[in-house]
Amino acid sequence: MKALRDPSIRPSAAAGPAGSIAEKAGAGLAWLVAAILLAMLPLIFKTDSAVAVMCIIGISVVFALSYNMLLGQTGLLSFGHAIFFGLGGFCTIHVMNAVAASHVPVPLVVIPLVGGLGGLFFGVIFGSLASKRGGTIFAMISFGLGELASSAAPILNKFFGGETGVTTDRSALYAPFGINFGPQIQVYYLIAGWCLISAAAMYFLTRTPLGQIMRAVRENPERIEFIGCSARQVRFVAFVLAAFFAGVAGALAAINFEIMTVSNVGGNQSAMVVLMTYIGGIGYFVGPILGAILITLMQILLSDITAGWQMYLGILFVVVVMYAPGGLAALFSPQVMVSRGWNSPLRALLVIPLLLAALGGMLLIELGYQVGLKSSEGPIRVLFGISINSSSWLPWCLAIAPVIAGFFGLRQGNLAADNRTAAARRPVELPHG
């Protein structure tokens with residue numbers, strides 16, 4: 001289980017060179033499949049809106065993976081990671097404008113490095129202060145730094161652009177081979193390439209001795225001092241590296257949206273990356289990727305359906321914390337499914353009452369929003385093409401009934417599955433004589 005949770009632990013190392021070669025071949029094949037998938041996605045989802053959504057997902061993946069270097073790899077809970085995302089994006093925008101004005105032949109492909117270096121620069125400054133302590137003190141220091149940056153942003157108008165932000169034109173830069181990154185599909189492949197490179201670099205970093213030391217600092221920082229390593233220096237290096245990749249994500253956001261505002265360094269951006277990483281699973285490398293995909297789709301798609309999408313996001317976070325503290329990646333790992341008996345057909349049937357309770361809960365939320373925040377629009381709520389009258393008692397009964405039935409079915413199904421699993425594990429007594 002530990003080997004699955006943390007890629008820095010290599011169980012095949014004990015198997016000798018053959019196991020190591022097989023492990024490296026498997027990792028290389030996985031990255032090759034990922035590259036092919038990224039190249040094929042625009043051929044599957046061809047609409048402009050789908051390409052735009054995939055661009056945002058790529059940016060979120062890099063941002064979430066950079067944050068997981070702090071939380072998942074080093075055990076540092078940060079509430080100000082958006083500082084480096086936003087500052088990297090602002091540095092990128094200013095450099096893009098300067099390059100376009102001076103007509104320097106710098107292609108847009110290398111511009112994300114500017115955001116990374118900007119994040120690295122500010123990571124060194126803030127990391128020298130924040131990395132002195134770990135645990136709760138580090139979290140509070142990062143929160144204070146985040147509030148400091150978001151408060152100073154409206155004051156420094158020349159750099160942050162005030163309330164309107166700073167804009168740019170990515171097509172004004174040097175366009176080799178006629179590729180000016182005006183069409184969104186060209187921007188997608190730029191973001192996909194940098195997403196793959198950044199993810200691969202962060203993954204292989206976990207396989208290095210530095211990655212193992214970072215994990216050791218997460219588990220027991222006091223013991224690290226006894227082997228001659230400084231926990232503070234390790235936290236500082238992790239902080240700076242995470243800031244670099246967050247700056248790359250900010251640069252990709254600046255290229256994609258062609259604008260950066262004060263909100264990009266605010267607390268909402270920091271809170272969102274915490275949700276992405278934790279919901280996906282901090283103990284798995286693929287966890288932040290799953291979280292970034294899910295949260296981004298909820299932000300974009302669910303917000304078009306209902307104004308209460310943030311309520312669903314909050315409920316999802318509470319459910320993950322209560323019933324799947326390891327995140328979605330841990331929830332669907334083979335080891336967890338076998339240990340908890342979720343691979344049995346009886347457990348699979350629990351999806352039915354779960355969906356029933358979710359459907360009733362969704363209807364309750366929508367009715368509540370219609371009665372409360374949207375009362376000025378009248379009692380009628382159109383949900384999936386169906387008009388629902390929130391002033392009538394019938395929709396409320398239809399919402400409460402599946403919730404009760406779903407929770408009752410989950411409880412009874414869990415009890416039956418637990419009894420069946422216990423009976424299967426009970427040792428068979430052989431007759432005497």
Side-chain angles (χ1 to χ4, degrees), residues 45 49-50 53-54 56-57 60 64 268 271-281 287 289-332 337 340 342 346-415 417:
F45 304 99
S49 59
V53 170
M54 289 188 292
I56 301 174
I57 289 176
S60 300
N268 289 337
M272 198 57 64
V273 74
V274 174
L275 292 179
M276 289 179 185
T277 309
Y278 197 89
I279 289 176
I289 300 176
L290 296 177
I293 294 173
L294 177 62
I295 300 303
T296 303
L297 291 177
M298 289 184 67
Q299 282 183 293
I300 298 174
L301 303 181
L302 195 58
S303 60
D304 293 336
I305 300 175
T306 173
W309 68 272
Q310 291 179 325
M311 176 71 75
Y312 295 102
L313 181 59
I315 293 174
L316 175 63
F317 180 71
V318 171
V319 170
V320 169
V321 171
M322 292 179 61
Y323 300 104
L328 298 179
L331 190 65
F332 296 105
M337 294 185 69
R340 298 187 179 183
W342 291 347
L346 189 59
R347 294 282 189 185
L349 292 176
L350 294 179
V351 175
I352 298 175
L354 179 63
L355 292 177
L356 195 63
L359 180 62
M362 181 184 66
L363 187 55
L364 280 176
I365 292 174
E366 296 304 320
L367 289 172
Y369 262 88
Q370 195 65 33
V371 172
L373 296 178
K374 292 191 173 184
S375 58
S376 60
E377 300 179 4
I380 304 300
R381 173 74 170 98
V382 179
L383 187 63
F384 299 112
I386 302 174
S387 298
I388 302 173
N389 188 357
S390 60
S391 62
S392 174
W393 60 270
L394 181 59
W396 292 93
C397 294
L398 292 177
I400 295 174
V403 172
I404 297 175
F407 278 109
F408 180 78
L410 283 172
R411 184 175 181 276
Q412 296 301 318
N414 274 321
L415 289 175

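Just so you know, these numbers come straight off a predicted model, no measurement behind them.
Here CG of Leu394 is found 4.5 Å from CG of Leu398. Values are rounded to the nearest 0.5 Å. Atom CD1 of Ile289 and atom CE of Met276 lie 13.0 Å apart (nearest 0.5 Å). Distance CG/Leu313 to CE/Met272: 5.5 Å, rounded to 0.5 Å. The distance from atom CG of Leu302 to atom CG of Leu294, rounded to the nearest 0.5 Å, is 10.0 Å.
Between Ile295 and the choices Ile279, Ile57, Leu290, Thr277, the side-chain contact (heavy atoms from CB on, under 4.5 Å) rule is met once, by Ile279. Of the options Ile293, Leu275, Leu316, a side-chain contact (heavy atoms from CB on, under 4.5 Å) to Met298 is made by Leu316 and by none of the others.
Residues Gly287 and Ala329 come closest through the heavy atom pair CA-CB, 3.9 Å. Of all heavy-atom pairs between Ala64 and Val273, the closest is CA-CG2, 3.8 Å. The shortest heavy-atom contact between Val403 and Gly360 is CG2-C, 3.4 Å. Contact between Pro325 and Tyr278 at its shortest, heavy atoms only, is O-OH, 3.6 Å. Nearest approach of Leu356 to Pro402, heavy atoms of both residues: O-CB, 3.5 Å.
The number of heavy-atom neighbours closer than 6.0 Å to OH of Tyr312, taken from other residues, nucleotides and ligands shown, is above 12.
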